[in-house]
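Here's the structure we're looking at; comments come further down.
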Protein chains: 4
Amino acid sequence: MSTDTPAPVKRRTSIGGRRNPQSATAILDAAADILAESGLAGFSIEAVARRAGAGKPTVYRWWPTRTALLIEVYARQKETVLQVDTASLEGDLLAVMRRLFAFWRDTPAGPAFRSIIAEAQSDPQSLALLTTFLAERKQHVHALITRGIARGELPSQADCATVVELIFGFCWMRLLTGQIDRDADLPALVHHVLYGAGHSEGSEQKDGATALAAAPSRSA
Amino acid sequence: MSTDTPAPVKRRTSIGGRRNPQSATAILDAAADILAESGLAGFSIEAVARRAGAGKPTVYRWWPTRTALLIEVYARQKETVLQVDTASLEGDLLAVMRRLFAFWRDTPAGPAFRSIIAEAQSDPQSLALLTTFLAERKQHVHALITRGIARGELPSQADCATVVELIFGFCWMRLLTGQIDRDADLPALVHHVLYGAGHSEGSEQKDGATALAAAPSRSA
Amino acid sequence: MSTDTPAPVKRRTSIGGRRNPQSATAILDAAADILAESGLAGFSIEAVARRAGAGKPTVYRWWPTRTALLIEVYARQKETVLQVDTASLEGDLLAVMRRLFAFWRDTPAGPAFRSIIAEAQSDPQSLALLTTFLAERKQHVHALITRGIARGELPSQADCATVVELIFGFCWMRLLTGQIDRDADLPALVHHVLYGAGHSEGSEQKDGATALAAAPSRSA
Amino acid sequence: MSTDTPAPVKRRTSIGGRRNPQSATAILDAAADILAESGLAGFSIEAVARRAGAGKPTVYRWWPTRTALLIEVYARQKETVLQVDTASLEGDLLAVMRRLFAFWRDTPAGPAFRSIIAEAQSDPQSLALLTTFLAERKQHVHALITRGIARGELPSQADCATVVELIFGFCWMRLLTGQIDRDADLPALVHHVLYGAGHSEGSEQKDGATALAAAPSRSA
DNA sequence: GCGTAAACGAGACGGTACGTCGCGTCTTAGG
DNA sequence: CCTAAGACGCGACGTACCGTCTCGTTTACGC
């Protein structure tokens, strides 16, 4: 039941008037482990410090809030830059989403990110951090779409921001409801986001008319 | 600092071997008030009981967890059945979303729902409750879309489930990032979800071809 | 861990506007059982009512305090009147003490009496009850001693009250420190109380002088 | 109704990884005060902590049970070492008892000790603590008696343990029944315990024979 | 090269909230 | 009017963490 680990017999100590990277590492590792094992419920500063064999003030010195610690745990996982180029917008978006889902599924990042979002619901400061982080991620996807437009895959007046928002909303929803294992329907999803509900993704080029008929301009 | 209210001088007591609705009401009111004033951070069973002038065991008797209480606070707000009929699918969805945003914005339901989602990230039981609740809500929107298909507004093979998921994901994202005040772009969003990124919502019926061009079947 | 008993399936009910002896019996039995099994620690009105299959108000109606219930539990055990006559004072006292120890050891009376004394330390009303009860018991022993004096076993000016107080004090001490199993030394104790510390209870009739020497009158 | 005191404005804090004697003192003081004012009934860990301006965990850290706290409250009062030497055993015992009665009467020790005994009736661990404490106190009186024997005031075969037990039993009885104000009869009591019931404590040196006659050896 | 400053582990501090238990009171519904 | 049942407001229980503090130790840096 305890998340403690007997703690390495070797005792860390100060290395002078600056942050000891060993301690930082030990703390982040402990945090990631606890998150993976017990989820946000077991994730307390106290537990992290205990497991890391660190003093509580050491944790507080470098991460003033639980969220700050969570964010660093999350950030440490993603050196995997989401760099993709499949030569098609649809392929790019699909690849990005698949990587993201795998990232959330296979690393402590998933629980960490869920926790960050949760935290942001009660702590405005955490929300601000999250918003900043989110903007940066959105920017990245935005670039993909712009590139797609440049290639002519979407009309130039397409609303990139909405595409991004739909995709992120969808991913969040899946994460927050514990459904990151469902990824079989991602291709259809991407297609839908780009081309609408009515546009079948089979070999139905001829159905364009249907799609057209099904998408009257709002002024109609 | 305290969220207490001197408590009505009138002391409630048992009305026999069954739940006292006065207590239930007082507790739910207190919960809603605290949520509105202090957010999830100040929302503890203890604080609710104190403010309601109730004993802690009375709260625990009827709401075994904080989430259960939150859910009832949320549910109590929404006698406003989301019954709409604008004679068009796009109008229906737009109306539903607008009502939802207003509901979240103008009642304690917004903070409550944010809290429920947050809670669900650390407590599997809360997640289950939330999932159940969510399924029911999705069903409601699903029916609107089915009706739209019957009216011929969407082709029969349109993927209703994805439409629903996109819409909910979008709404959640806005709520969770504190953007429920942004509702000017809801019409465009609805249009986008139904007809894709490329389909402008102006008087561009002629652009059908563009939309078509922009939406190659995936097998292409 | 629970002291509950599934409760007789048969449900007792009112027998009109008076005390139902079945209920009283069930409650006293339950009380005695709990006391025997879990001691005073587990002895709560709530537990007694639960085990007796009775409502709490029924218990409160007839026994306003925990002590009142304890006293009745104790009293119910001791129809065994402490009537003795061994033709010698020493024998009488010894017999009385042995019976008392056995009574405390072999019935729920021991735990009950310990509990009553404990209760009396924080509740003046309980102390009053206890004092009254104690006076009556002392009177009984007092009579034995008076009889001994009449038989010439003690000089007429012997201080009966002190003898009684010493004996009761000794018994209480043994009870309260959990030593009612020690009764091998009771004969010596009785002898000591009557004839002093120096008077050996072996074949030392000749030692009378020693005893005398060892017991100078206080004025000396 | 509340026993709280506004708490000194000065807030105590940690003085490093060891017990803060200021806190300990404040807690013991508060405990003694509550005991003196409200008796055992009002004596809860919560109330003590509140009055001491201490956190509950701080109390629990150092005194795992209510009894442990009571015992320290009691022990702290008795720096008054019961060191006596009146050159006579009878005088020594009398002096010790008088001091004890005064101690119980004039300090919080009386209520404290009553509470400790009460507690011991329901908690075996408390009983063990009490037993240990009691053994030490008995040893002290035992030494007095041994000294008396060495002086020839009691025959060498006198049963010291019984004397001690009688004296302590008597004192307890007086304490537990709220009679520590009665101390006029202590001289007679001591005399009785040492020399038996029949031995008058007046100028009856001649009555030695009577005492002798009244104290047949049990084998007779 | 030596004093000082800062980080280290440890853990106690005053607190808040947890979820449970028992208190004694009250109201029922049913003999 | 008594009975079993059980909800009520209340308050204490003992535990977990919170975020702050002071400790004594262990470096590394700057005077």
Side-chain angles (χ1 to χ4, degrees), chain A residues 7 11-20 22-23 42 44-47 49-50 52-62 64-66, chain B residues 7 11-20 22-23 42-47 49-50 52-62 64-66, chain C residues 7 11-20 22-23 43-47 49-50 52-62 64-66, chain D residues 7 11-20 22-24 26 42-47 49-50 52-62 64-66:
Chain A
R11 172 174 169 150
R12 289 183 306 275
T13 180
S14 170
I15 56 170
R18 66 189 198 282
R19 177 165 171 170
N20 183 340
Q22 288 181 28
S23 291
S44 66
I45 299 284
E46 192 124 4
R50 199 158 46 225
K56 265 198 294 180
T58 302
V59 181
Y60 278 107
R61 189 171 300 117
W62 305 113
T65 67
R66 205 165 69 137
Chain B
R11 172 175 170 151
R12 290 182 305 275
T13 180
S14 170
I15 57 168
R18 63 188 199 284
R19 179 166 173 169
N20 184 339
Q22 288 181 27
S23 292
F43 188 87
S44 67
I45 298 282
E46 192 127 2
R50 202 158 44 223
K56 254 197 302 180
T58 301
V59 181
Y60 279 107
R61 195 173 355 259
W62 303 114
T65 67
R66 207 164 68 137
Chain C
R11 172 173 170 151
R12 289 182 304 276
T13 181
S14 170
I15 56 171
R18 65 189 196 284
R19 176 166 170 171
N20 183 340
Q22 287 181 30
S23 292
F43 188 86
S44 66
I45 298 283
E46 193 124 3
R50 198 158 47 225
K56 265 199 297 180
T58 303
V59 180
Y60 278 107
R61 188 170 301 115
W62 304 113
T65 67
R66 203 164 71 138
Chain D
R11 173 174 171 148
R12 289 182 304 275
T13 181
S14 170
I15 57 168
R18 64 189 200 281
R19 179 166 172 169
N20 184 339
Q22 289 181 27
S23 292
F43 188 86
S44 68
I45 297 283
E46 193 128 2
R50 201 158 43 224
K56 248 195 308 179
T58 300
V59 181
Y60 279 107
R61 188 162 11 247
W62 303 112
T65 66
R66 207 165 66 138

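By convention in this document, chain letters (A, B, ...) are assigned in the order of the sequence lines, proteins followed by strands, and residues within each chain are numbered from 1. Everything numeric in this text was worked out from a predicted model, so none of it was measured.
Between the base of dG11(E) and the side chain of Ser14(D) there is a donor-acceptor pair shorter than 3.5 Å. Not a single donor-acceptor contact under 3.5 angstrom links the side-chain atoms of Lys56(A) to the base of dG11(E).
Residue-level contact check: Ala49(D) touches neither bases nor backbone, having no heavy atom under 4.0 Å from any strand.
Atom OH of Tyr60(A) and atom C1' of dG11(E) are 14 Å apart (whole Å). If you measure from atom CD1 of Ile45(D) to atom P of dA12(F), you get 12 Å, rounded to the nearest angstrom. Atom-to-atom, CZ of Arg18(D) to C1' of dT22(F) comes out at 8 Å; the value is rounded to the nearest Å. The distance from atom CD of Glu46(A) to atom C1' of dC18(F) is 8 Å, rounded to the nearest whole Å.
Taking for each of Asn20(B) and Phe43(D) the nucleotide of DNA chain F with the nearest heavy atom, the 5'-most of the two is the partner of Asn20(B). When each of Thr65(C) and Trp62(D) is assigned the nucleotide of DNA chain E with its nearest heavy atom, Trp62(D) is the one assigned upstream, toward the 5' end. Projected onto DNA chain F by closest heavy-atom contact, Gly16(B) and Ser23(C) fall at different nucleotides, the more 5' of which corresponds to Ser23(C). Mapping Ser44(C) and Arg61(A) onto DNA chain E via the closest heavy atom, the residue that lands nearer the 5' end is Arg61(A).
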Item to complete: Go through Arg61(C) and Thr58(C) one step at a time and tell me if the side-chain contact (heavy atoms from CB on, under 4.5 Å) criterion holds.
Response: CA-CA 5 Å; Arg61(C) 188 170 301 115; Thr58(C) 303; 4.3 Å; yes
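Between Arg12(D) and Gly53(D), the shortest heavy-atom distance links the atoms NH2-O, 3.3 Å. The two residues Ala47(A) and Gly42(A) have their closest heavy-atom pair at CB-O, 3.7 Å. Contact between Ile45(B) and Arg66(B) at its shortest, heavy atoms only, is CD1-CA, 4.2 Å.
Among the nucleotides dG19(F), dC13(F), dC8(F), the one closest to the side chain of Arg12(B) is dC8(F). The side chain of Arg50(B) has dA17(E) as its nearest neighbour among dG14(E), dC23(E), dA17(E).
Remark: Ser23(A) OG to Ile15(A) CD1 distance equals 8.0 Å, nearest 0.5 Å.
Within the structure, every side-chain polar atom (N or O) of Thr13(D) is placed at least 4.0 Å from both OP1 and OP2 of dG14(E).
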